[in-house]
Amino acid sequence: MRYLDEYRDAGLCRSLVESIEKLEPAPTALMEVCGGQTHTIVKYGIDRIIPQQVSLIHGPGCPVCVTPADLIDKACELGSRKDVTLCSFGDMMRVPGTDRDLLTVKSQGGDVRMVYAPLDAVRCAQETPDRQVVFLGVGFETTAPANALAVHYAHTHGVENFSLLAAHVLVPPAMTSILADPDRRVQGFLAAGHVCTIMGYKEYEPIAAEYQVPIVVTGFEPVDLLQGIYMCLKQLKEGRYCVENQYARSVKPDGNVSARDLIQKIFTVVDAEWRGLGTIPRSGFGLNEPYRQYDATLRFGLKPTHKDEETECISGSILTGQKKPDECPAFGITCDPEHPLGAPMVSSEGACAAYYRYRKGQLHQIGSSTAGR
Amino acid sequence: MATNENAGWACPKPVSRETHIQMAHGGGGTLMQRLIDDVFLQTFNDPSLQQHVDASVLKLASANIAFTTDSFVVDPLEFPGGDIGSLAVHGTVNDLCMSGAKPQFISAGFILEEGLDISLLKRVVASMKQAADACQVRIVTGDTKVVDRGKGDGIFINTAGIGLVPSGTNISPQAIEPGDCVLVSGDIGRHGIAIMSVRDGLAFEGNVESDSCGLVDVVQALIDGHVPLHCLRDLTRGGLSSALNELAQVSGYSIRLDEESIPVRDGVHSACEMLGLDPLYVACEGRFVAFLPPAEADHALALLHEYPEAANARIVGQVDEKRDALVTMTNRIGTSRIVDMLSGEQLPRIC
């Protein structure tokens with residue numbers, strides 16, 4: 001397939017690995033921010049073909065994983081109501097709240113529907129004017145424009161029975177929070193290519209300068225990741241700490257200007273709770289004043305559930321890169337994709353799910369070496 | 001004798017003019033009888049059905065018989081490249097073929113939902129007949145029930161199938177041997193993507209048609225060509241990956257795949273990339289894997305390539321000596337990974 005096969009080319013990958021080897025990197029820890037990148041790394045074994053002293057830490061950029069259990073609980077509560085149709089992206093359906101997930105609510109008779117685009121939920125609201133239709137809108141900056149568009153469309157077309165149960169989070173504050181940790185291991189970032197496709201990369205420049213880390217905006221295919229790793233290591237070797245763009249075929253310095261304008265119109269920056277990480281100041285989007293009538297939390301008077309989460313799950317350490325999935329005592333024993341204890345085992349972008357899916361049977365052979373790196 | 005006085009008057013004929021299924025269509029009375037006569041018997045047109053008996057008595061040559069059953073639920077009932085009727089025939093016939101049997105007879109039990117458009121039912125039944133004829137099987141017995149509106153999904157079909165197995169045939173997972181090559185009969189994933197492309201809420205534009213088809217001719221070609229088949233398995237809901245994982249577990253041997261040799265059409269590939277799905281896990285309904293000695297691979301491929309439904313047949317992997325029952329895959333960049341059994345459903349991702 002064009003525009004994909006080129007970036008999975010074995011010869012190009014080999015020559016990039018050779019270029020990385022020629023840099024003779026010192027022991028280095030790089031973090032790939034996005035869960036999509038984590039999956040490519042584990043699926044293609046990128047971490048095993050680069051020099052052993054370069055370790056890849058899996059970052060917090062899996063939207064499903066960082067959505068607080070409290071929000072899932074609220075979605076389940078709404079999905080159980082007789083007057084509500086709850087629409088959601090596919091991979092949110094299996095994420096456990098504190099005691100159930102949306103698929104369970106559906107099987108118990110709740111009207112829970114999987115949609116691919118937030119506008120489909122607005123259309124559903126137009127088709128069923130006697131029901132309240134709520135879209136569970138989660139994600140990073142990548143999904144924010146589509147959710148903003150849904151609210152904008154509902155507002156301009158008078159679709160009053162539509163609302164958004166939103167938990168949008170932002171990448172730069174999470175990176176800053178990881179960098180501000182006195183025990184931080186991360187020496188460079190592969191920034192999330194699709195987040196930057198929307199937002200551009202200028203907001204990363206002060207972070208690179210302040211914390212003295214290279215930040216390379218990176219794509220999602222094996223060639224992208226290897227090139228991103230190479231560019232990061234090269235900066236470190238040369239003592240440079242700046243933002244570079246590996247994913248130039250998709251990312252412009254200013255991002256997608258009309259998408260950003262729409263985000264700015266609909267959303268405002270607020271403090272946000274991250275699953276496993278806690279509350280990070282100014283790290284999420286909430287609805288702006290003229291659009292707050294579409295906030296499902298307000299419309300239905302939803303209260304925080306404040307339930308305790310499963311203690312065995314170490315998703316916080318996984319999401320900040322302090323631990324690898326196979327270092328979790330529950331991994332593959334009491335926690336697997338069918339009975340997940342935490343979100344990183346659920347999502348197609350979760351690090352635990354990636355390890356389970358692509359390496360499960362090999363972990364008894366390679367577990368210690370992977371974990372130790 | 002018609003007279004002008006009666007012009008314009010007619011006795012209300014008790015002939016079926018219902019356009020939608022009613023509860024009485026399953027009630028055992030005249031409405032049901034008419035449905036059976038007008039829709040099923042007329043279309044399936046088999047002598048054993050015309051006898052109106054409770055059980056068909058069928059003649060079989062003296063041989064081992066293969067016997068299978070399957071149920072079909074699909075949303076939507078009609079999709080690009082097929083419908084629930086053709087799917088039911090193909091699914092049943094293909095299960096029989098996988099044990100080396102030549103399919104002979106199938107049954108068709110229908111559970112219809114009140115309110116079903118009868119013209120849709122007629123299309124589905126006609127498509128079943130067409131598929132059965134193409135697969136050279138007879139639909140010899142059937143049943144109809146109707147459930148209240150809202151308690152079904154239009155049409156559910158249950159089938160059973162009987163096939164004849166030539167003596168001396170031993171095609172089974174237990175016959176898999178280390179060194180066997182793994183042949184896949186065509187490009188994978190088309191059925192699942194075709195269904196998804198028209199499913200409510202997830203519809204997207206595309207030109208992918210289901211791969212649903214009968215495998216009688218292609219399997220027969222291998223058998224007639226004396227290809228020593230160790231094992232056959234049709235790829236259904238869990239796709240290539242689930243079929244191979246099942247066989248690895250039953251046989252105990254590991255299976256190694258080569259990603260580049262697995263045929264996937266561009267339309268399927270694009271849809272999978274867009275939705276975040278892995279084609280290895282996407283459903284097929286007219287594809288199978290065959291395990292055979294490597295020396296026979298070229299011969300088998302040459303036989304299969306004669307048929308349009310197997311024109312993309314390829315060797316995609318090999319059975320390992322290792323007995324740890326794993327499926328692994330060497331990917332494009334030369335590294336290897338586990339190909340696990342599908343866990344739960346594949347769900348489209350957020351971004």
Side-chain angles (χ1 to χ4, degrees), chain A residues 1-2 4-5 8-14 17 34-36 39 42-46 48-49 62-64 87 89-94 103 113-117 120-121 123-124 138-140 142-143 146 194-195 222-223 226 336-338 346-349 353 356-363, chain B residues 75 150 196-197 199-205 241 245 248-249 254-256 258-260 264-281 320 322-351:
Chain A
M1 202 171 119
R2 282 182 71 195
L4 268 184
D5 289 344
R8 295 174 186 174
D9 182 84
L12 255 173
C13 286
R14 263 195 307 277
V17 171
C34 178
H39 260 252
V42 181
K43 183 173 178 180
Y44 287 91
I46 302 286
R48 295 178 181 173
I49 56 174
C62 159
V64 175
C87 298
F89 289 127
D91 50 2
M92 286 306 294
M93 308 269 282
R94 217 151 21 106
L103 283 179
R113 301 184 192 179
M114 181 166 69
V115 294
Y116 193 64
D120 291 339
R123 194 192 58 191
C124 171
V138 303
F140 284 91
T142 325
T143 43
H194 288 153
V195 168
V223 167
L226 286 167
D336 62 35
E338 275 163 36
V346 178
S347 163
S348 59
E349 296 186 43
Y356 190 89
R357 184 159 170 197
Y358 301 123
R359 294 187 176 171
K360 177 190 58 171
Q362 299 171 333
L363 288 173
Chain B
D75 173 31
M196 245 178 272
S197 72
R199 190 165 277 178
D200 194 32
L202 282 180
F204 53 89
E205 283 176 30
S241 152
N245 270 286
Q249 274 159 25
S254 284
I255 298 170
R256 265 184 299 127
D258 173 29
E259 183 178 25
E260 277 202 281
V264 182
R265 281 203 180 180
D266 268 1
V268 171
H269 196 166
S270 314
C272 284
E273 290 290 341
M274 186 178 81
L275 294 168
L277 308 177
D278 186 337
L280 293 178
Y281 296 90
D320 240 2
K322 277 198 282 183
R323 296 200 63 112
D324 50 8
L326 276 180
V327 181
T328 57
M329 182 164 84
T330 305
N331 60 41
R332 281 164 208 281
I333 71 165
T335 52
S336 145
R337 68 163 166 106
I338 300 270
V339 177
D340 197 15
M341 181 83 95
L342 178 62
S343 155
E345 257 186 295
Q346 282 209 108
L347 298 171
R349 69 176 172 214
I350 289 184
C351 63

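Below, chains carry the letters A, B, ... as their sequence lines are ordered, and counting in each starts from 1.
Using a 4.5 Å cut-off between heavy atoms, Asn331(B) touches chain A through its side chain atoms alone. The contact between Ile46(A) and chain B is made entirely by side chain atoms (from C-beta outward), counting heavy-atom distances below 4.5 Å.
Residue Arg14(A) places its CZ atom among 12 or fewer non-hydrogen atoms of other residues, nucleotides or ligands, all under 6.0 Å distant.
Thr335(B) has its side chain out of reach of Arg48(A): every pair of non-hydrogen atoms, C-beta onward, lies at least 4.5 Å apart. Taking the side chain as every heavy atom from C-beta outward, Glu259(B) and Tyr44(A) approach each other to under 4.5 Å.
When every heavy atom of Asp340(B) is checked against every heavy atom of Arg357(A), the shortest pair comes out as CB-O, 3.6 Å. Contact record, Tyr116(A) with Met274(B): OH-O, 2.7 Å, taken as the closest heavy-atom pair.
In this structure, the side chain to side chain contact (heavy atoms under 4.5 Å, CB included) partners of Ser270(B), at least two apart in sequence or on a different chain, are Met1(A). With sequence neighbours excluded, the residues that form a side chain to side chain contact (heavy atoms under 4.5 Å, CB included) with Asn245(B) are Ser241(B), Val327(B), Met341(B).
Interatomic distance, Leu4(A) CG to Asp266(B) CG, rounded to the nearest 0.5 Å: 10.0 Å. Atom CZ of Arg8(A) sits about 10.5 Å away from atom CD1 of Ile333(B), to the nearest 0.5 Å. How far NZ of Lys43(A) is from CG of Asp278(B): 5.0 Å, rounded to the nearest 0.5 Å.
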